[in-house]
Amino acid sequence: MSIKAVIFDLDGTLLDTLGDLANAVNAAMRHYNFPLLSEDEVCARVGNGVRRLIERSAPAGTEEAVIDDCLKRFQEHYEEHLVERTHPYQGIPAVIDAFHSRGVRMTVLSNKYQAAADRLVSHYFPSQMALTRGELPGVPRKPDPTSTHQILSALGVKPDEVLYIGDSDVDMQTATAAGVTAIGALWGFRDRESLLSAGAEHIAEHPEDLIQLLDRLQLDAALHAFEKNGFTSIFCATPAQAADYIASQCHGKTVGMGGSVTLDTLGVYELLQKDADVHWHWKGDDMITSGDVFLTSANAVSAAGEIINIDGACNRIAASVYGFDTCYVVCGINKLTPDLDSAMRRAREIAAPLNAKRLNKRTPCVVDGQCHDCHSPERICRAMTVAMAPPGRMSHYEIILVGENLGY
C-alpha cells in the first residue's frame with residue numbers, strides 16, 4: 001500500500017520549542033516563588049498537554065486554583081513569546097519540501113492547545129500543511145486515537161496509507177492505537193528505548209532519514225504495482241547503475257530519445273554512441289518516430305503503477321506509446337508519488353513550471369511557480385498521457401526507478 005499522508009507531531013518533531021516552553025513555565029513558577037525548572041526538566045514533563053505540564057512543574061500538593069492561575073500565566077507568556085527561541089529542527093524544511101514534491105499530504109497533530117498550534121504552523125509552515133489539530137474541547141488528547149481518526153477521515157485515507165512521525169512515547173502509543181505506521185524521531189524529547197517500547201515501527205535518527213524511509217516504502221509499493229499492471233520494473237540505486245543498465249539493453253539497436261533532463265544528467269546519449277544508432281533532437285539529430293528502443297523519463301510515476309507525462313510538441317509522449325518496439329522510462333525517486341491524483345498534480349505543479357522556466361517560456365507559472373489555467377501561446381502543457389499498462393503494439397515496456405533525485 002502506498003503512503004498518501006503523514007501526520008507530524010509538533011513539539012520535538014517539527015519544531016524545537018523547548019526554550020520558549022521553559023521560559024513560559026518559569027514565568028508562571030516565578031510568580032509564586034516556586035522552584036524554577038531547567039530545560040531538561042521541562043523536557044521530561046511535556047507530551048500530555050499544557051495543563052499536565054503545569055501540574056508536573058508546580059510543587060506536589062499545589063492547589064487547583066493555583067494550577068489554574070499558573071496555566072493562565074503560562075499561556076499569556078507563551079502566546080507573547082512563542083517564536084522567540086523556537087525554530088524548525090535542522091533538516092526539517094528539506095523533509096517538508098521532499099514530501100510535498102512527492103505528493104504526500106501533510107498534517108500536524110499536537111497536544112498543544114489549538115491557538116498556539118495554529119500560530120506556530122502558520123508561522124513556520126504557512127502553506128504546506130493540509131490541516132493542524134491541537135487540543136480542542138470535547139476531543140480526548142493523545143494517546144487517544146480519536147483525533148488521528150478524525151484526520152484520516154478529513155483526508156479520506158486509510159490507516160495503512162499514513163505515517164505518524166513523533167518524538168514521544170505518547171506519539172507512538174497514539175499511532176499504534178489508530179493503526180497507522182509509527183515512526184520515532186530521535187532528535188526530539190525522548191530516546192530510542194522509550195520510543196521502541198511504546199510501539200515505534202521505524203526509528204529516524206535524523207530528519208533526512210524520513211525522506212529515505214518514505215521513498216523505500218513507496219518504492220516497494222510501486223514495483224509491485226507496476227508488475228501487477230503488466231510493466232517490467234527495475235530499481236537502480238545510483239544514476240551510474242541506471243546508465244550502465246540502459247546501455248546494456250540498447251547494444252546494437254536503433255534508439256530514439258525524448259527530451260529529458262534526467263537522460264541528459266545520466267549521460268546516456270554519449271554512452272550509447274559507442275555501440276548504438278542513437279538519435280536525440282536535443283543533440284541536433286533528426287527526430288525519429290520508430291525504431292527498436294525509445295528512451296524517455298516521466299513527469300511523475302505513481303505508487304499505484306501509472307506513468308504520467310505532459311508535453312508541448314507531443315513528440316515525446318507520442319513516441320512513448322507508439323512506433324517503437326520497446327520503451328524505457330527512467331525516473332528519479334523524487335518523481336514517485338502515492339497515487340494518480342498526486343502524480344498529475346506533480347506533473348502540473350512541479351515539473352511543468354520548472355520545465356517552462358528552463359525553456360525561458362513567458363508563462364504565468366514561470367513567474368510564481370504555480371500552475372494556472374492559462375491560455376498562453378507559450379504554454380508547454382498541451383497534452384498529458386497516463387500509461388496504465390504497456391501499449392498493445394510494444395513488446396517491452398520498462399520503468400527504471402533510480403534511488404536519487406533526477407530531473408524535474
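The basis for the numbers below is simple: all heavy atoms, side chains too, and nothing from hydrogens, waters or symmetry mates. Only a predicted model underlies this, so the values are computations on that prediction, with no experimental measurement involved.
Two residues are said to be in side-chain contact when any heavy atoms from C-beta on lie closer than 4.5 Å; Pro145 and His149 meet this criterion. When side chains are defined from C-beta on, Leu37 counts as touching Arg45, because their heavy atoms get closer than 4.5 Å. Between Val329 and Ile400 the shortest side-chain heavy-atom distance does not fall below 4.5 Å. The shortest distance between side-chain heavy atoms of Thr232 and Tyr397 does not fall below 4.5 Å. Contact of the Asp11 side chain with the Ser110 side chain is registered, since non-hydrogen atoms from C-beta on lie closer than 4.5 Å. Counting only heavy atoms from C-beta outward, the side chains of Arg190 and Cys43 approach each other to under 4.5 Å.
Side-chain atoms of Asn309 come within 3.5 Å of backbone N or O of Asn299 as a donor-acceptor pair. Counting only distance, with no hydrogens or angles, the side chain of Gln218 and the backbone of Ile3 share a donor-acceptor pair below 3.5 Å. Judged purely by atom type and a 3.5 angstrom limit, Glu306 has no side-chain atom pairing as donor or acceptor with the backbone of Ala387. Using a distance-only test at 3.5 Å, with no hydrogens or angles considered, no donor-acceptor pair links the side chain of Arg102 to the main chain of Thr337. Not a single donor-acceptor pair under 3.5 Å links the side chain of Ser302 to the backbone N or O of Ala343. Judged by distance alone, with hydrogens and angles left aside, the side-chain atoms of Asp311 form no donor-acceptor pair with the main-chain N or O of Ala383 at under 3.5 Å. For the pair Gln114 (side chain) and Thr132 (backbone), a donor-acceptor distance under 3.5 Å is present. Side-chain atoms of Asp209 come within 3.5 Å of backbone atoms of His206 as a donor-acceptor pair (strictly under, hydrogens ignored). Judged by distance alone, with hydrogens and angles left aside, the side-chain atoms of Lys253 form no donor-acceptor pair with the main-chain N or O of Asp277 at under 3.5 Å. No donor-acceptor pair under 3.5 Å is formed between the side chain of Asn26 and the backbone N or O of Met29.
Here OG1 of Thr174 is found 7.0 Å from CG of Leu109. Values are rounded to the nearest 0.5 Å. To the nearest 0.5 angstrom, Met287 atom CE is 10.0 Å from Arg316 atom CZ.
Using cut-offs of 30° and 60° for the angle between ring planes, the Phe294 and Phe324 rings count as tilted.
For Glu398, the salt bridge (charged side-chain N to carboxylate O under 4.0 Å, His left out) test picks out no residue, with sequence neighbours left out.
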Evaluation steps, ring pair (Phe, Tyr, Trp, His ring centres under 6.0 Å), between His87 and Tyr124: CA-CA 8 Å; His87 57 274; Tyr124 291 105; 8.4 Å; no
Could you pull out every donor-acceptor pair under 3.5 Å between side chains of residues 162-171 and any protein atom, sequence neighbours left out?
unit_1: Tyr164; atom_1: OH; unit_2: Lys142; atom_2: NZ; d: 3.3
unit_1: Tyr164; atom_1: OH; unit_2: Asp171; atom_2: OD1; d: 3.1
unit_1: Asp167; atom_1: OD1; unit_2: Thr13; atom_2: OG1; d: 3.2
unit_1: Asp167; atom_1: OD2; unit_2: Phe189; atom_2: N; d: 2.8
unit_1: Ser168; atom_1: OG; unit_2: Val170; atom_2: N; d: 3.3
unit_1: Ser168; atom_1: OG; unit_2: Asp171; atom_2: N; d: 3.1
unit_1: Ser168; atom_1: OG; unit_2: Asp171; atom_2: OD2; d: 2.9
unit_1: Asp171; atom_1: OD1; unit_2: Lys142; atom_2: NZ; d: 2.8
unit_1: Asp171; atom_1: OD2; unit_2: Asp167; atom_2: N; d: 3.2
unit_1: Asp171; atom_1: OD2; unit_2: Ser168; atom_2: N; d: 3.3

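Heavy atoms of other residues, nucleotides or ligands lying less than 6.0 angstrom from OH of Tyr322 number 12 at most.
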